[in-house]
Each structure stands twice: as C-alpha cells, then as structure tokens.
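Data first, discussion second: the structure below is written as structure tokens.
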Amino acid sequence: MTKIFITGANGFVGKNLIAVLKKRNLSFIAGDRSLYGDLVTQDNWSEILRGCASIIHLAERVHVMEETSMDPLEQFRMINVRTTLNIALAAKRCGIKRFIFISSVKVNGEETLNTPFTADDKPSPKEPYGISKMEAEVELLKLHEPGIFEIVIIRPPLIYGAGVKANFERLYYFVNCDLPMPFALVKNKRSLVSVFNLLDLIITTLTHPNASGEIFLVSDDKDLSLRELIERIAKIQGKIPHLLPVPVVLMKLGARLIKQKIYADRLFGNLQVDITKTKRILKWSPPYTFEDTFKA
C-alpha cells in the first residue's frame, strides 16, 4: 500500500489512527496545522498531497453543544463542506485514487424510534453539523469515478477510546469518583463505536474493491443503554456504580426547566445503527469489544 495522507491527524481519532498505522507498518503523512496551516485559506493542496495514493479526511468543525456563532450553519459549511471539497478536488487533480470521508450518523438524524438507521436511509439531519456533513457527502459523491477517484463515506455514532473528550469523558470521571447518578431506570439503546473498530474499518476501506462509492455505518454491533454503559465502565474500574432510581420523565422535565432539553434528548433517547450492509459488502465485523478498548 502506498502513502496515505491524513487530515486532522492531531485530533482524537487521528492520534489513534497514527498509532495503528505505525503498528501495521503502513506509510502515511500526518497532516495537521503544522503542515498545512489554516484549512480554509490553504490553496496549495496539490503540492501538499503530491505522492499520496489515498486520503483519510478527519479534519472537521465538530458539533458544538453551546453554539455562539450568529450563523452556525455557515461556520460548519466553511470547514465541513467547502474545505472538504477543495481538498477532494486537489486530490483528484493529483491522481489520488481513494478519498475516505469520515462523516457522522447525524446525517441520518438525531434519534431512532422503532428501527435503527441504515446506510441507505434518506438523510434527515436536524442540526447544522449534520446538515454540513450531508452536503459534503453529496458534493464528494459527484466527484466519484470508479477506478479513477473513488469516494468512501463512513458515518460513525459516538466514538470512544483513549483520549476521548466531552460527554464520554465526563461519564468516565463520574463513575471513577463514585458519584451517585440518577440513571437506574434509563432503558434507552444507543450504538457506540470503539475507536479501534472505526480505525479497523477505515483501513479496510483503503483497499477493499467493494468499498468504492459506498456509504457505511459503523458500530460495535452491540447497543447499550445509559445504565448498561455506566455498569460496564464501573466493572472495568473494579467499582460498583451508585445508580439512583429517578424516573426518566422527571429528569426530562428538569432538563426543560433549565433549558437543557437537547442535552437530555441525547442522554436518554435512542440512537441505533444497523451495520448489516457494512458487514455484508466488506465481509467485516468489529474485532474489538468494549472491554478490549479499555484494556488497550
């Protein structure tokens, strides 16, 4: 396999990807601000990408819980759509063969009701981040040419692993500190993906002939409720979680009163993905369990 270019190499997924590529003795260029400067203003991508055979595009403007921009969709589009397209166009001119775009399950939507999301569902993003990722997918697929410049799209749900931040990090902290949590009655189901499973799929799609032009969902193939997630984290830490039986309806009401409805919806809602297509087309199954990831 010839040289791989990684954008966003200094992020959570990027750092883990570099470690895995090194272990597998794969040749790569770790792209970050020190190499290409500002993503938006960089206009010399053809030179930067010269000599590479594939791109793993991780760089993005991530979802923001407390948005401060007056026009958040425009801010997301600047990085997630226009910059992505600029890089892809330069890559195609350079003769790069495969462009792997790490999108998001938020292209499908924010919540599942009776059935999991599938890769072939009609997109239904609800917020600027998901909308920008969907628009990027649409524009990238217009560039797809089998055997010449091939697009692969991967939509992960919540990713966890070494170095993860935000809500997962907070949850791990609360469990580690033996803090009581009011989640004993939460029975939702959410799909998660170990960063190692995501990376294994990314590396698989670098060369797999059946990946060309496809959209894939990815997960650990084992959905967990918030309560089950806490219990697993506690078990790994050798602790017994302190879970209180507070009715979910009361917590949702409290969240509305303090204007945190969106946060509560994510905490208590369902978001499941069906990876049947990924397993069938690529003959791939997630090799790592939840426990494997924490041990690693």
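This is a predicted model, so every value here is computed, not measured. Along the sequence shown, residues carry numbers from 1.
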Who passes side chain to side chain donor-acceptor pair (under 3.5 Å) against Thr7, sequence neighbours left out? His57

Quick one: does any side-chain atom of Ser194 pair with a main-chain N or O of Thr293 as donor and acceptor, under 3.5 Å? no

Which residues pass the side chain to side chain donor-acceptor pair (under 3.5 Å) test with Lys222, sequence neighbours left out? none

Could you pull out all donor-acceptor pairs under 3.5 Å where a side-chain atom in residues 44-53 meets a protein atom, sequence neighbours excluded?
{"residue": "Trp45", "atom": "NE1", "partner": "Gln42", "partner atom": "O", "Å": "3.4"}
{"residue": "Glu47", "atom": "OE1", "partner": "Arg50", "partner atom": "NE", "Å": "3.4"}
{"residue": "Glu47", "atom": "OE1", "partner": "Arg50", "partner atom": "NH2", "Å": "3.0"}

Please answer whether the main-chain N or O of Arg61 pairs with a side-chain N or O of Asn80 as donor and acceptor at a distance below 3.5 Å. yes

Report the residues that fulfil side-chain contact (heavy atoms from CB on, under 4.5 Å) with Pro241, sequence neighbours left out, ordered by chain and then residue number. Ile230, Glu231, Ala234, Leu243

Sequence-distant partners of Arg77, side chain to side chain donor-acceptor pair (under 3.5 Å), two or more places apart: Glu135

Taking only distance into account, with no hydrogens and no angle test, what donor-acceptor pairs under 3.5 Å do side-chain atoms of residues 18-26 form with protein atoms, sequence neighbours excluded?
{"residue": "Arg24", "atom": "NH2", "partner": "Asp200", "partner atom": "OD1", "Å": "2.9"}

With Asp220, which residues qualify under side chain to side chain donor-acceptor pair (under 3.5 Å), at least two apart? Tyr160, Asn197

Examine Phe168 together with Tyr172 and report whether their ring centres are nearer than 6.0 Å. no

Please name all residues satisfying salt bridge (charged side-chain N to carboxylate O under 4.0 Å, His left out) with Asp120, sequence neighbours left out, ordered by chain then number. Lys277

Take atom CG of Leu179 as the centre, draw a 6.0 Å sphere, and report whether it contains more than 12 heavy atoms from other residues, nucleotides or ligands. yes

Check this for me: Lys92, atom NZ, are more than 12 non-hydrogen atoms of other residues, nucleotides or ligands nearer than 6.0 Å? yes

Side chain of Lys165, backbone of Gly163: donor and acceptor closer than 3.5 Å? no

Test salt bridge (charged side-chain N to carboxylate O under 4.0 Å, His left out) applied to Lys142 - qualifying residues, sequence neighbours left out: Glu139

Non-neighbouring partners of Phe268 that pass ring-ring contact (aromatic ring centres under 6.0 Å, His included), sequence neighbours left out: none

According to side-chain hydrogen bond (donor to acceptor under 3.5 Å, both in side chains), does anything in residues 179-193 pair up with another residue at least two apart or in another chain? List the pairs. Lys189-Glu228, Ser191-Asp223

Expected output: side-chain Asn270 to main-chain Glu111 donor-acceptor under 3.5 Å: no

Show me the donor-acceptor pairs within less than 3.5 Å that the side chains of residues 252-259 make with the rest of the protein, sequence neighbours left out.
none

